[in-house]
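By convention in this document, chain letters (A, B, ...) are assigned in the order of the sequence lines, proteins followed by strands, and residues within each chain are numbered from 1. As a basis for the values below, the full set of heavy atoms in this structure was taken, side chains included, without hydrogen atoms, waters or symmetry mates.
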Amino acid sequence: MKKARLGTLLVYITILTCACGGPSLRYKKEIHTLLAAENYEAAAQKLEEDKNKIFSEKNAAMYYMLLGVTEHDAGLAERSSASLAKAQEFTDFYYKNNILQSAETFLINDEAAPYIAPDYERALTYYYRAFNFLDMQDMAGALVEARRAVFFLDNRRAQVKSKYTDDPFVQYFASLLFESEGNRSSARIARENALNAYENAVYGADTPDFYVPQNADKLGEIIFVHYNGNAPVKISKTFQVAWGDVLLAINETSEDLDSSPQAQNSVISVIAGDSITVAYPALQESKPEAVSSRVFAAGGSADTILASNITALARLDLEEKRLAQQARMIARAAVKRAAAVTAKKTAEQAAGDEAWGDMAKMLVNIFNTATEKADTRSVFTLPAEIRLARMFVEPGIHDIVFKTTNAAGHEKEEKVFKEVKINAGQRIWLHHRTAR
Amino acid sequence: MKRLLFVLTLCALVCGCATKVERMDVNTTKDLSGKWNDTDSRLVSEEMITDCLSAPWYNKTLLRLGKEPVVIVGTVENKTMEHINTSTFIEDMQRALINSTKVSFVASSAERGEVRTERLEQDEFASEATRKAFGREVGADFMLSGVLNSILDQEGKKNVVYYQVNLKLIDIETNQIVWNGQKQIKKYVLTRGKNSW
């Protein structure tokens with residue numbers, strides 16, 4: 001019996017020491033700094049270099065999404081599409097095999113489970129891949145992704161209960177692609193789904209109401225996508241609870257750039273003694289510098305609208321997962337408490353000395369608190385928002401100028417797309433990222 | 001004995017990590033992901049072309065023209081939810097048509113462009129005896145084109161994929177559809193594994 005207990009304890013400690021989480025807040029900020037400098041290629045390169053150092057296979061879906069989005073911003077359409085294909089593959093695998101509720105999430109922390117992308121991130125993989133195919137002049141490939149996106153959204157609407165009932169932007173983009181194909185029926189359905197979803201305030205986005213002139217077929221159209229800012233990053237917040245008749249919160253800490261939550265917790269566990277640390281995720285948002293943007297071409301201009309509010313989607317996702325996270329948090333606290341008590345008893349019986357028992361309990365407490373961290377994984381290379389403009393111009397060769405404006409009304413950034421040829425009835429698809 | 005066991009274990013470990021490659025017969029059916037693959041492409045093209053060439057339009061045309069009809073393969077649109085390289089399917093159909101020896105076949109518009117450029121260059125650089133003349137191309141009588149559709153039904157790891165290939169043979173002079181063929185494939189796919197990261 002004594003041997004079995006000791007064995008269980010050793011296995012537990014081994015699992016704890018082997019646990020591997022997602023990237024730290026410092027790492028996320030490093031990537032954001034490269035994005036803010038519009039050095040997307042360097043950001044993609046850094047992610048690739050750190051693949052095996054920072055990430056592990058259970059985070060494959062997140063890794064390939066982070067990479068795919070960055071490669072898309074860098075204009076590396078083919079590479080981005082390949083990365084996002086892998087992201088979709090891993091997401092599908094882990095989603096279908098439903099590994100989220102693995103035992104490790106109760107023993108260690110939520111990051112011990114494979115990364116299952118939230119539905120809004122999954123929907124965006126189809127969008128990003130579709131745009132990559134457009135960048136590669138492959139409309140057929142883009143349409144495949146549009147069909148997959150619509151299929152995914154329809155299926156999840158039927159199966160999942162969530163406030164995120166649809167993705168208005170992804171549906172709207174799919175409708176544009178179906179329109180370009182001449183598939184009016186699918187375009188109409190996707191457009192209706194998009195407009196219905198836009199009415200829902202949870203998405204925090206503007207309903208598109210673009211002006212389409214009567215002679216649109218004789219004009220060329222510019223579809224401009226502006227990726228603005230950086231999506232919020234998730235940080236780990238922890239609190240210590242004293243064990244007694246009731247759980248009592250005695251201290252609260254938050255992840256910052258200089259110290260990991262695990263390190264803070266380890267120190268506290270020694271000081272606080274008979275307490276258990278539990279962690280929960282929170283969002284750290286950063287407002288994009290640009291509050292509006294505008295596209296200029298052929299003597300005219302068009303404002304972009306807020307087509308997808310990724311910050312709002314991240315908030316919604318976190319809110320909806322909170323109950324399940326809290327349940328796991330409580331279960332984990334109980335398991336960790338039991339492990340500490342077991343360690344104390346085992347050591348006391350083995351050594352015949354209470355001091356050894358206390359020492360063992362303290363060590364297990366340190367292990368427990370050191371591994372207690374909230375699931376802070378997310379695709380943090382996504383923008384905070386996706387803005388969209390549609391503009392009709394006379395056929396010909398045009399310089400397309402894109403400008404952003406800050407809250408004070410000052411123009412902040414300008415990007416010129418030189419000599420873009422637009423034929424009558426043709427759509428030009430452009431995208432640009434500003435990550436400050 | 002212990003040393004032998006150690007060596008064998010080591011060998012097994014080393015061999016287990018190595019990439020294994022084996023040549024396969026191109027006609028072997030091997031389904032991995034359950035997606036549209038080379039076997040589907042080959043089987044559909046062969047069956048549909050056989051069906052096409054045994055349809056009534058063929059004998060009627062033979063009587064009308066007094067010679068084998070000339071066919072060109074147009075586009076096959078991919079309207080599925082998979083990234084399918086339709087050019088391999090088009091090539092498979094071309095091969096099936098040519099091998100039937102029942103029709104003559106002309107190059108596609110992209111191939112014709114290349115041949116025309118070559119003829120232009122011959123006009124300038126080739127000897128009189130070997131130079132090929134303009135205006136002697138054979139015009140196609142019929143165009144074969146089609147659509148690849150799919151319906152996916154999914155529940156967890158279980159997928160049922162239904163492919164429907166529709167091909168049409170159109171009389172280029174009259175726009176009449178002289179043959180309309182359809183072939184369906186239904187697959188039950190149980191997804192299990194994932195690739196290495």
*When rounded to the nearest 0.5 angstrom, what is the spacing between CZ in Phe152(A) and CG in Leu152(B)?*
13.0 Å
*When rounded to the nearest 0.5 angstrom, what distance separates CG in Asp92(A) from CG in Asn159(B)?*
9.0 Å
Answer yes or no: does atom [atom1] of [X] have more than 12 heavy-atom neighbours from other residues, nucleotides or ligands under 6.0 Å?
X         : atom1 : result
Lys35(B)  : NZ    : no
Lys67(B)  : NZ    : yes
Glu78(A)  : CD    : no
Glu155(B) : CD    : no
Lys60(B)  : NZ    : no
Arg64(B)  : CZ    : yes
Lys51(A)  : NZ    : yes
Glu137(B) : CD    : yes

*What residues of residues 170-191 of chain A sit under 4.5 Å from chain B when only non-hydrogen atoms are counted?*
Glu181(A)
*Structural part of Glu89(A) lying under 4.5 Å from a heavy atom of chain B*: side chain
In residues 99-107 of chain B, what donor-acceptor pairs under 3.5 Å come from side-chain atoms, sequence neighbours left out?
from      : atom 1 : to        : atom 2 : distance (Å)
Asn99(B)  : ND2    : Arg95(B)  : O      : 3.4
Ser100(B) : OG     : Leu97(B)  : O      : 2.6
Ser100(B) : OG     : Lys102(B) : N      : 3.2
Ser104(B) : OG     : Glu68(B)  : OE1    : 3.2

_Top of Ala140(A), Gly141(A), Ala146(A) for chain B proximity - count of heavy-atom pairs under 4.5 angstrom_ = Gly141(A)
*Using the benzene-type ring in the case of Trp, are the ring centres of Trp197(B) and Phe55(A) under 6.0 Å apart?*
no
_Going by ring-ring contact (aromatic ring centres under 6.0 Å, His included), name the pairs with one or both residues in residues 67-91 of chain A, residues two or more places apart or in two chains._
His72(A)-Tyr128(A), His72(A)-Phe131(A), His72(A)-Tyr227(A), His72(A)-His431(A)
*For chain A, which residues from residues 79-91 of chain B have at least one heavy atom closer than 4.5 Å to it?*
Lys79(B), Thr80(B), Met81(B), Glu82(B), His83(B)
